[in-house]
Amino acid sequence: MTAALTTPQPALDAPPAPPGASRKRRRSYDEPPRWQIYVPLGVYLLFTLVPFYWMLLFALREPGSDSLVPWPITGEHFAKVWNERGFDTYFVNSMYVGIASMLMTLLVALSGGYALARFKFRMKMPFMLALLCSQFIPGALMLVPLFEIFRELQLLNSLWSVILAETVFQLPLSMILISGFIRNVPPSLEEQAWVDGCTRLRAFLAVVLPLLRPGLVAVGSFAFVHSWNHFLFALMFLNSQDKQTIPVGLNTLLGSDSVDLGALAAGGVVAAVPVVIVFAFIQRWLITGFSAGAVKG
């Protein structure tokens with residue numbers, strides 16, 4: 001009777017479990033099957049790339065063709081939009097607006113972001129809240145006031161009107177992001193430079209600014225892309241065709257009765273290629289910059 005109630009003991013000579021057995025057993029419960037990862041990613045990738053393929057198809061195949069493969073490849077549509085539709089001028093104007101807006105946004109946002117990160121002053125939090133709330137104001141709501149201001153300043157039909165408008169609308173968010181990046185730089189680094197005889201400006205340029213490179217790339221890239229793609233300001237403030245940008249140029253390809261799909265697709269490729277190239281080169285800095293801005297130092 002006593003032997004029947006005795007709890008069986010494990011055999012003393014049983015081989016020990018392999019070192020990775022518990023980890024494999026835990027991994028089998030924690031990690032989903034691989035198909036549950038690859039199938040949604042494949043569907044998302046297909047959903048993302050099909051519009052780009054469709055645009056390239058219309059841009060590269062011959063006029064009148066209905067083939068689903070762009071063969072033989074032709075550059076007729078690109079030559080048409082570049083030489084006949086003025087996209088060479090639109091491209092230069094858009095590049096000028098994008099680069100100038102990016103540089104002005106970074107310059108002003110660096111100054112304001114440094115003040116928000118390093119100085120304490122009254123109404124600081126309400127000021128930052130006002131900056132955030134300004135992002136909820138649509139650009140269309142400010143068209144009439146901006147139009148009147150630029151008319152008084154004689155900046156209508158000038159690329160500087162678009163540059164200034166883009167800079168003003170991108171500054172609040174850029175300033176808040178850069179202030180977060182600056183907070184992650186220890187103030188002791190600047191203090192050591194002050195002890196060595198550097199002024200505040202020289203210490204910022206020599207110590208802080210090099211550490212802000214990922215954040216500046218992240219903010220500057222979004223400022224450039226936003227200025228490159230923006231349609232409303234260029235449409236309202238620029239009248240001459242030789243002053244227009246690529247988004248307005250794409251709008252001119254839409255006729256009232258018919259649409260040249262090949263030329264429109266070629267114009268879309270011209271508009272998309274610079275943005276793709278920019279993000280292809282800066283993606284490493286972009287991820288690093290947003291990771292640095294998301295962690296409080």
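Start at 1 with the first residue, then count along the sequence. Remember, it's a predicted structure, so these values are computed and weren't measured experimentally.
Lys124 places a side-chain N or O within donor-acceptor distance of the main-chain N or O of Phe119, the cut-off being under 3.5 Å. A donor-acceptor contact shorter than 3.5 Å links the side chain of Asn93 to the backbone of Gln244. No side-chain donor-acceptor contact under 3.5 Å links Ser161 to the backbone of Asn157. Remark: the backbone N or O of Arg61 is paired with a side-chain donor or acceptor of His77 at under 3.5 angstrom. Of the possible polar contacts, none joining the Ser101 side chain to the Gly98 backbone as a donor-acceptor pair under 3.5 Å is found.
In the hydrophobic clustering of this structure, Leu56 does not group with Leu49; members are Ile, Leu, Val, Met, Phe, Trp, Tyr whose side-chain heavy atoms approach within less than 4.5 Å, directly or through other members. Taken together through direct or relayed side-chain contacts under 4.5 Å among Ile, Leu, Val, Met, Phe, Trp and Tyr, Leu164 and Val108 form parts of separate hydrophobic clusters. Both Leu159 and Leu143 are part of a single hydrophobic cluster, where members link through side-chain heavy atoms under 4.5 Å apart. Val207 and Ile178 end up in the same hydrophobic cluster when Ile, Leu, Val, Met, Phe, Trp and Tyr side chains are linked at under 4.5 Å. Cluster membership for Val269 and Val225, using ILVMFWY side-chain heavy atoms within less than 4.5 angstrom, is shared.
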Next on the checklist: Quick one, Asp242 with Thr89, criterion side chain to side chain donor-acceptor pair (under 3.5 Å). Give me CA distance, side-chain angles, the key distance, then yes/no.
Outcome noted: CA-CA 6 Å; Asp242 60 340; Thr89 303; over 6 Å; no
Next on the checklist: side-chain contact (heavy atoms from CB on, under 4.5 Å) for Leu189 and Leu211? Distances and angles first, verdict last.
Outcome noted: CA-CA 11 Å; Leu189 296 179; Leu211 300 178; 3.9 Å; yes
Next on the checklist: With side-chain contact (heavy atoms from CB on, under 4.5 Å) as the criterion, how do Phe78 and Leu60 come out once you've worked through the C-alpha distance, each side chain's angles and the decisive distance to 0.1 Å?
Outcome noted: CA-CA 8 Å; Phe78 291 97; Leu60 295 176; 3.6 Å; yes
Checklist entry - Which is it for Leu106 and Leu216 under the side-chain contact (heavy atoms from CB on, under 4.5 Å) test, yes or no, and what are the steps along the way? => result CA-CA 7 Å; Leu106 288 178; Leu216 295 179; 4.2 Å; yes
Item to check | Worked check of side-chain contact (heavy atoms from CB on, under 4.5 Å) between Tyr90 and Thr245 | outcome: CA-CA 4 Å; Tyr90 301 154; Thr245 57; 5.8 Å; no
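The environment of CZ in Arg202 is sparse: at most 12 heavy-atom neighbours from other residues, nucleotides or ligands sit within 6.0 Å. Taking a 6.0 Å sphere around OH of Tyr44, one finds it holds 12 or fewer heavy atoms contributed by other residues, nucleotides or ligands. Around the CH2 atom of Trp54, the shell of radius 6.0 Å holds no more than 12 heavy atoms that belong to other residues, nucleotides or ligands. The 12-atom threshold is exceeded at OH of Tyr53, counting heavy atoms of other residues, nucleotides or ligands nearer than 6.0 Å. Environment of CZ in Phe47: sparse, with no more than 12 heavy atoms of neighbouring residues, nucleotides or ligands closer than 6.0 Å. Within a 6.0 Å radius of CD in Gln154, no more than 12 heavy atoms belonging to other residues, nucleotides or ligands are found.
For the atom pair Phe52 CZ and Leu57 CG, the distance stands at 15.0 Å (nearest 0.5 Å). Taking CZ of Arg34 as the start and CD1 of Ile37 as the end, the distance is 8.0 Å to the nearest 0.5 Å. From Cys198, atom SG reaches atom CG of Leu205 across 10.0 Å, with rounding to the nearest 0.5 Å. Residue Leu250 holds its CG atom at 11.0 Å from CZ of Arg85, rounded to the nearest 0.5 Å. The distance from atom CZ of Phe127 to atom CG of Leu132, rounded to the nearest 0.5 Å, is 10.5 Å. Between atom CZ of residue Phe58 and atom CG of residue Leu261 there is a gap of 5.5 Å, rounded to the nearest 0.5 Å.
With contacts defined as side-chain heavy-atom distances shorter than 4.5 Å, the pair Met236/Phe231 does not qualify. The shortest side-chain heavy-atom distance between Val195 and Glu191 does not fall under the 4.5 Å cut-off. Side-chain contact between Leu173 and Leu177 is present, with at least one heavy-atom pair separated by less than 4.5 Å. Here the side chains of Leu171 and Leu131 are not in contact, with every heavy-atom distance at 4.5 Å or above. Between Glu190 and Arg118 the shortest side-chain heavy-atom distance falls below 4.5 Å. Put simply, the side chain of Ile149 does not reach to within 4.5 Å of the side chain of Leu155, judged on heavy atoms. Taking 4.5 Å as the limit, some side-chain heavy atom of Gln170 sits within range of a side-chain heavy atom of Ser227. Counting only heavy atoms from C-beta outward, the side chains of Phe224 and Thr105 never approach each other to under 4.5 Å.
The two residues Val275 and Ala271 make their nearest non-hydrogen contact at CG2-O, 4.0 Å. Counting all heavy atoms, side chain and backbone alike, Pro274 lies closest to Trp228 at CG-CZ2, 3.5 Å. Of all the heavy atoms in Ala117 and Ser179, the pair that sits closest is CB-O, 3.6 Å. Between Ala234 and Val162, the shortest heavy-atom distance links the atoms CA-CG2, 4.0 Å. Looking at every heavy atom in both residues, Pro247 comes nearest to Ser94 through CD-OG, 4.2 Å. Between Leu110 and Ile182 the shortest heavy-atom distance is O-CD1, 4.4 Å.
Note on ring orientation: taking the six-membered ring where Trp is involved, the planes of Phe233 and Phe237 are parallel (angle under 30°, cut-offs 30° and 60°).
The aromatic ring centres of Phe87 and Phe91 sit 6.0 Å or more apart.
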